[in-house]
Each structure stands twice: as structure tokens, then as C-alpha cells.
**Student:** 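One structure follows; several queries about it will come next.
We use all heavy atoms of the structure for the numbers below, so side chains are in, but hydrogens, waters and symmetry mates are not. Bear in mind that the values here come from a model prediction, so they are computed numbers and not experimental data. Convention: sequence-line order gives letters A, B, ...; per-chain numbering from 1.
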Protein chains: 2
Amino acid sequence: MRDVSIIGVGQTEVAEHWDRSLRDLAVEAIASARKDAGIDRVDALFVGNMLSGELAGQENVATLVADAAGLVPIEALKIEAACASGGAALRAAYLAVASGAHDYVLAVGVEKMTDFLTDGVTTALALAADADYEAAHGLSFAALNAILMRRYMHEHRARHEDFAPFSVNAHRNAALNPLAMYRQPITVEDFMRSPIVADPINILDSAGIGDGAAALLVCPATEARRARRPPVRISGSACATDTLALAGRADPLVWQAVADSARLACAQAKVKPQDIDLFELHDAFTIVSVLSLEACGFADRGSALKLAAEGRIGLEGDIPICTFGGLKGRGHPVGASGAYQLVETALQLRGEAGPAQVKGAAIGMAQSVGGSGSVAITHILQV
Amino acid sequence: MRDVSIIGVGQTEVAEHWDRSLRDLAVEAIASARKDAGIDRVDALFVGNMLSGELAGQENVATLVADAAGLVPIEALKIEAACASGGAALRAAYLAVASGAHDYVLAVGVEKMTDFLTDGVTTALALAADADYEAAHGLSFAALNAILMRRYMHEHRARHEDFAPFSVNAHRNAALNPLAMYRQPITVEDFMRSPIVADPINILDSAGIGDGAAALLVCPATEARRARRPPVRISGSACATDTLALAGRADPLVWQAVADSARLACAQAKVKPQDIDLFELHDAFTIVSVLSLEACGFADRGSALKLAAEGRIGLEGDIPICTFGGLKGRGHPVGASGAYQLVETALQLRGEAGPAQVKGAAIGMAQSVGGSGSVAITHILQV
């Protein structure tokens, strides 16, 4: 199995791109990643996307992107793992290079959501849940996470405002990221005044959707020094699943797929949670950050809120998360978010995170979660 | 790069399974493939599916299938390449094993189409075309292929009835396959009397949709002798793309992605078209069979109709195609068809094709095409 490195990264602004199509966004991110690497060659393309079929009437999205980016006749396949699709695209690119089948491979996450009414998007996002046993009964994604959050608050005697530091942290970091969608810092008071979406989840618990694309060019580690910028090694890559429906789990507050994928990726990279300098986690809702930190071993069960309250998740903390704003602050173009997380982790390790830089960052973890923790993809990146 | 072998295959009947869900079909195919191999271990799952999001309100399909089949917590990802999704799933499984990341990997193609009105399916199938430049203008998939067929008839002075042998051959072979949807043999007269769908394409030019699932278990070639049945080696695997819209091509009758993927797969396997004993091609429409045979080097440009007229595509011919009925006779559950083609090729090479057996079959080619030739995945299998 060949070692694989990230040699180029690119990303578009996350925004309501009313005047730009999925094609335009993917092409910009790809051009930017190729320019960043300073290498022209691309042998294959893996596209992470969740909702283009439902929202834009377009499947065959990988071919679309290959065509629009002038990459025909290379191999191009779409990978879907709900909101984890962007991370899954890098996973596929990683396997293609590790196998020896290809040398220079692009992973792109792209999603175009704002041409559609909010109702349509809420329905579309519920496609990541169990259609027969959850969505058909009216459970939206916010509702599923609200169940988890209420249960967590009950079990650990937590108050809603205890979740505020996650949102405050995300917005504080997003203010440092010119590509983020929600750049205004917020206070705990703002959080508490925010309207309820699905009790107890409010708007500031929830990552807003957006349009965007992010791309990574990978190649064998042995060839990575050819690139213009310092290469970032993928030292761990893993995917794991859990039951699709929450009802299938013995304990819904144990996110086993998240735990398994992190454990496998760390074992491959030979690192422990305490070695990790930053963690781009999948903060679709504040409760997801909490459950992910606990599942991955950064906090004991029931203690992730304390981690946040003590400021340890900030850029100067011992486990910085959402350093460019996370899904909450950057915005959450669902199939693209995983690719953004990986681009941001790579930039941190290259020391190019600007005012959001985590000092001395050498080992980063990026994790994408699909469904209500039903699939998780974790990558460990190192310089 | 490790050599990879197919050690187990399974498939459900292709039919209108009104009483069975996508879950049920996938689980049956997987159980059958695992039983066929006589090996319990599964490390990862790649699911080929095109339309579950649009037709069943279900994305995150790989997690669904892993969960339903009792395979949680293994890695599970969905691969989409329009109608080539089934072939793409094996491609992903192949890369995962070749890389060394996993040893025992399932590739499953599954599609559930008949719970929905025909209008819905026609619209859904058009998602494989270019949404902005083709589908938005009312071009259905039959319409796109009708344009190609009319152009072919014009350029090569062909008559509609010249295409009949492809449909007659598919139905003759399907009659030998108990899992096929359309088992009744047809005559040239039946073909000519068949109602027009999109001039000049008629119903018997067109593969009917259906429900079904097919699965393949693969592992490193070095471990394949552990299996109960003779292993089948994947000696070539390749994917290539062309422009998404027909209008983007210099010559729409040259299917470059089909040609490229076949050339790459043959080069990897070190075989030539004349070495190949059977060719499971993507006969979604008779014109697709014609263009595929010409693109892959089995017939010169304009001469594939002659190949069929001379009976050379039959089970006793020099290049048997659609030996179990093809998409036309077996039925075409779109995201599953590629997996069926691979299962059938493997059965031929194992000498287990029953009355459809191609004598002495040692090298087989299976090819899935997505869109109007915009993406193609070709595998060479050998015993």
C-alpha cells in the first residue's frame, strides 16, 4: 500500500451563489487546487455530492464535473455517504492512489443548495435518515438531532446554554475566514435568544446550508515533493458504519461509527487523541460536536460540554475544533463540507491558516459524519 | 498493486418486485454471494445505485444496505455513475482490495424502480443526461438514443430491421435464464411490429426497467483458493469519461469513453478483442450494442449490424453478447445492471452458465455505460 499525500487544495467561498451552478463551483475549486499544487497532471476524479439528483435533476455528477473542468477522458466517479460525501471522496481518491491504479487524483466535494426552497432542502436532507422508519414519519434531520440533544441534556443534567460555547467558538473562528458564510461573532446571549428549530435545537445550534466546492489533489508520497507547496501526508484513513435508524442502537448517545472510524484512522497513523493538534469535526448541530468529541476519546462520556466551557476547543486550547468556523460558521454545503474540513486541516498543517492558525499544528484529524452518526469517515493528516 | 479475484456471486430475479424493498433485494443478493463463496468475512461494502434518492427518498444507501445485511460496522460507500453504477461498485471494491486497505470486499448493485409511475422513472433516468443542456429541453433517454440511431441509419444506410438481431439474440438468451424478466423469445416480425417509443426506437429496441440486486465478493488473488467455487480473476479494470452532453462531441457515433475504458482494461489484462470469449455489453438500446461493439474493436465502424446479421453475437458465435439476456432480456434495474453483467460473466467463466454456457469461455469482458456514452467502466475477467 503506497503512502499518499495531499499536494494541492482549493475552495470556493461558501455562500448563496445565486448566479453560479454546481459546475461553476466545482471548476473553480479544481482550478484552485491544481494551481496550488503547480502540477497539471490528473489521472482520476472522485466527486463527493449528496443532493444534486434531488435538487438539480442531475445524477452522473462526476462526469459532469470532469467534463466542465476539461478533464475528460479520465476516470470519474461520484461517491455518496450523505453529509459525509466530501470525506468519502478523499477516501476513494486515497484508495485509488494507494492501490497504484492512479498517481494524481482529485477529490472534490460540491453541493448547490440555494436554488431551492427551504422546504425542499429540509425534505432532501432527510434522505440521509431511514426513509422507511424515520423520514416517512416526519422526522427531519433537526428533529433527529433534537431527540439526541434532549436525551443528552436529560442524562447529563445539562442546560441548553451549556451548548453555546460550540456555536460561539465556530462563529469566532469563522470571522477569521474570508470564505466563510457566517462571519459575524456571536455571544452566549445571542445563542440563547435564537429561535427554536426543533426543541431544544435552535438556529444557532444548527449549521446553515450553503453552496460551495472544495478540492484536494493527492499523489504518492514519494512524488509529493514535486509540488509547489509543502505536502501533507494522509497517515490514516477509515470509514465505519452504524445502524441507519437511531432506533436500532442500544445507546443513541454512543456514536459507534464515529468512534470506530477515529480508532481505525488513529491506529493506522499510530497516533493517540492526545497527539492531535486540531480536530475538524462535523458540527452540523452542537450536539454532534459533543457526541463526536466523546466518541473519539477527546472527552469522557458526559464531559464534552465542560471541555468547551473551559475554552479548550478554541484556537489556543488543547483541542481546537472548527478552526475555520466549522460547518456552523463556514456554512454547510452538505456533500462538500467533508472536503472543506480536509482542505482546512491541510492549510493548518502547512502553516497557512492566517489569523486562524493553530500554533505548531503537526497532526490534524478531519471527520465527516453522514446521517445521525450512521456513517463516519476520519482522516489523519500530518506534516 | 495486488491481484484481485471474484470468489462469490449472487443475484436476485429481475422482476417487478411489488412486495419487496431495495433492502430486501440487496440482502438476498449479498447472502447469496457470501454463501456461494463459502466465506463469512466481509471488510467493506461498495453499493452501486443510481435512483434511490429520487425514487424512494433514500440516500445514504450504502449504510442502509450494510445495516440491513448485518454488516455494520464495516466501511460502506455508495458509488454512482448513472447506469454504470453497478460496474463502478466493482471498480471501487477492486481498488480497495488492490490497495491493501481491505481483503474481503462486497460490490453490490441494486435498484428498485417499479413502485413508481413510468413518467417518474422516465424523468429520473434523464438525470443521467445533462440537466441544463439536454433534459431541461425535454430530451428523455430514449430520445437521446433515437438521435444516435437515426444518425447511424443515415450514415450507414441501415434499415430499422437491421437492428432486430440484437433484440432477438437477447430474448433468445433470456429464455435460458430463470432470473430474467423477459423470457419469451421474439422474432424479427415481432420486433418490426413493436410500437415506437422515440422514432426510430421501438419498445423491442429498449431494455425495460425492473427491480433487482446482484453482488460480488472479491479478495486478493492469493487468498482466492479458500473459496468454495473456482475464483475468477479481475485482470483488467478501467473507467473513462466523455462529454456529458451529446452536443459536445466531434462525432456522436464514436463512443470514446467506451473505447478508452475497453482499451485500458485490455491493456492491463494483456488481451486483445479477438482473445475475448464473451462480451456482456450495455444494451440499454440496440444502438448502444452497435456503438459499443464498434468502439471496442469487435467490428469496424458501420459494420456491427453485419456482425449481428451473420449470427456472430449468438452463444455459438465468435463474440457472444448478452449471454443471459443482456439488459434487454434480463431487464434493466439501472444501478444494478452492471453488477448483473459481472455476475453473469463470472458464471460463464466458471462454466456454470447452464444452457446459456459459452463453450470454453476463459476470458470475458463486462462493460457498463452511463449516460449517452458519457462514462464507461470495463472489466476483463479470466479463469
**Student:** Which region of A:Ala76, side chain (C-beta onward) or backbone (N, CA, C, O), has a non-hydrogen atom less than 4.5 Å from a non-hydrogen atom of chain B, or is it both or neither?
**Tutor:** both
**Student:** Would you mind telling me which of B:Ile377, B:Leu71, B:Ile74, B:Asp260 has the largest number of heavy-atom pairs within less than 4.5 Å of chain A?
**Tutor:** B:Ile74
**Student:** Main chain of B:Gly57, side chain of A:Glu54: is a donor-acceptor contact present, judged purely on distance under 3.5 Å?
**Tutor:** no
**Student:** Heavy-atom cut-off 4.5 Å, strictly under: side chain, backbone, both or neither for A:Gln58 against chain B?
**Tutor:** both
**Student:** Please examine the side chains of A:Leu77 and B:Arg91, heavy atoms only from C-beta on, and report whether any two atoms are closer than 4.5 Å.
**Tutor:** yes
**Student:** Counting only heavy atoms closer than 4.5 Å, note whether B:Ala135 contacts chain A via side chain, backbone, both or neither.
**Tutor:** neither
**Student:** Considering only heavy atoms and a distance below 4.5 Å, find which of B:Gly100, B:Ala44, B:Pro73 pairs most often with chain A.
**Tutor:** B:Pro73
**Student:** If you count heavy-atom pairs within less than 4.5 Å of chain A, which of B:Gly370, B:Gly53, B:Ala98 leads?
**Tutor:** B:Gly53
**Student:** Within the distance-only criterion (no hydrogens, no angle test), does the side chain of B:Glu80 pair as donor or acceptor with the backbone N or O of A:Asn60 below 3.5 angstrom?
**Tutor:** yes
**Student:** Let's test your reading of the structure: which of B:Ala81, B:Ser374, B:Ala68, B:Ala82 forms the most heavy-atom pairs below 4.5 Å with chain A?
**Tutor:** B:Ser374
**Student:** Any chance you could measure A:Met1, atom CE, to B:Met1, atom CE, to the nearest 0.5 Å?
**Tutor:** 13.0 Å
**Student:** Could you check whether any side-chain N or O of B:Glu59 sits under 3.5 Å from a backbone N or O of A:Ala128, counting only pairs where one atom can act as donor and the other as acceptor?
**Tutor:** no
**Student:** What option among A:Ser237, A:Ser52, A:Ser99, A:Ala376 has the most heavy-atom pairs under 4.5 Å with chain B?
**Tutor:** A:Ser99
**Student:** Without swapping roles, check the side chain of A:Thr241 against the backbone of B:Glu75 for a donor-acceptor pair under 3.5 Å.
**Tutor:** no
**Student:** Where on A:Asp67 is there a heavy atom nearer than 4.5 Å to chain B: the side chain, the backbone, both, or neither?
**Tutor:** side chain
**Student:** For A:Ala62, is it the side chain, the backbone, both, or neither that has a heavy atom closer than 4.5 Å to a heavy atom of chain B?
**Tutor:** neither
**Student:** In terms of heavy-atom pairs under 4.5 Å with chain B, which of A:Asp242, A:Leu264, A:Asn49 leads?
**Tutor:** A:Asp242
**Student:** Given side chains that start at C-beta, do those of B:His102 and A:Leu95 come closer than 4.5 Å, heavy atoms only?
**Tutor:** no
**Student:** So which residue, A:Ala240, A:Gly248, A:Ser261, ends up with the most heavy-atom pairs under 4.5 Å with chain B?
**Tutor:** A:Ala240
**Student:** Where does B:Ala84 contact chain A at under 4.5 Å (heavy atoms): side chain, backbone, both or neither?
**Tutor:** neither
**Student:** Identify which of B:Val375, B:Leu244, B:Leu127, B:Thr63 forms the greatest number of heavy-atom pairs closer than 4.5 Å to chain A.
**Tutor:** B:Leu127
**Student:** Considering only heavy atoms, which portion of A:Ala92 lies under 4.5 Å from any heavy atom of chain B: side chain, backbone, both, or neither?
**Tutor:** neither
**Student:** Can you say whether A:Asp130 sits under 4.5 Å from chain B via the side chain, the backbone, both, or neither, judging by heavy atoms?
**Tutor:** both
**Student:** Need one label for B:Ala257: side chain, backbone, both or neither, based on atoms under 4.5 Å from any heavy atom in chain A.
**Tutor:** neither
**Student:** Find the one option among B:Asp132, B:Leu45, B:Val61 whose heavy-atom pairs under 4.5 Å with chain A are most numerous.
**Tutor:** B:Asp132
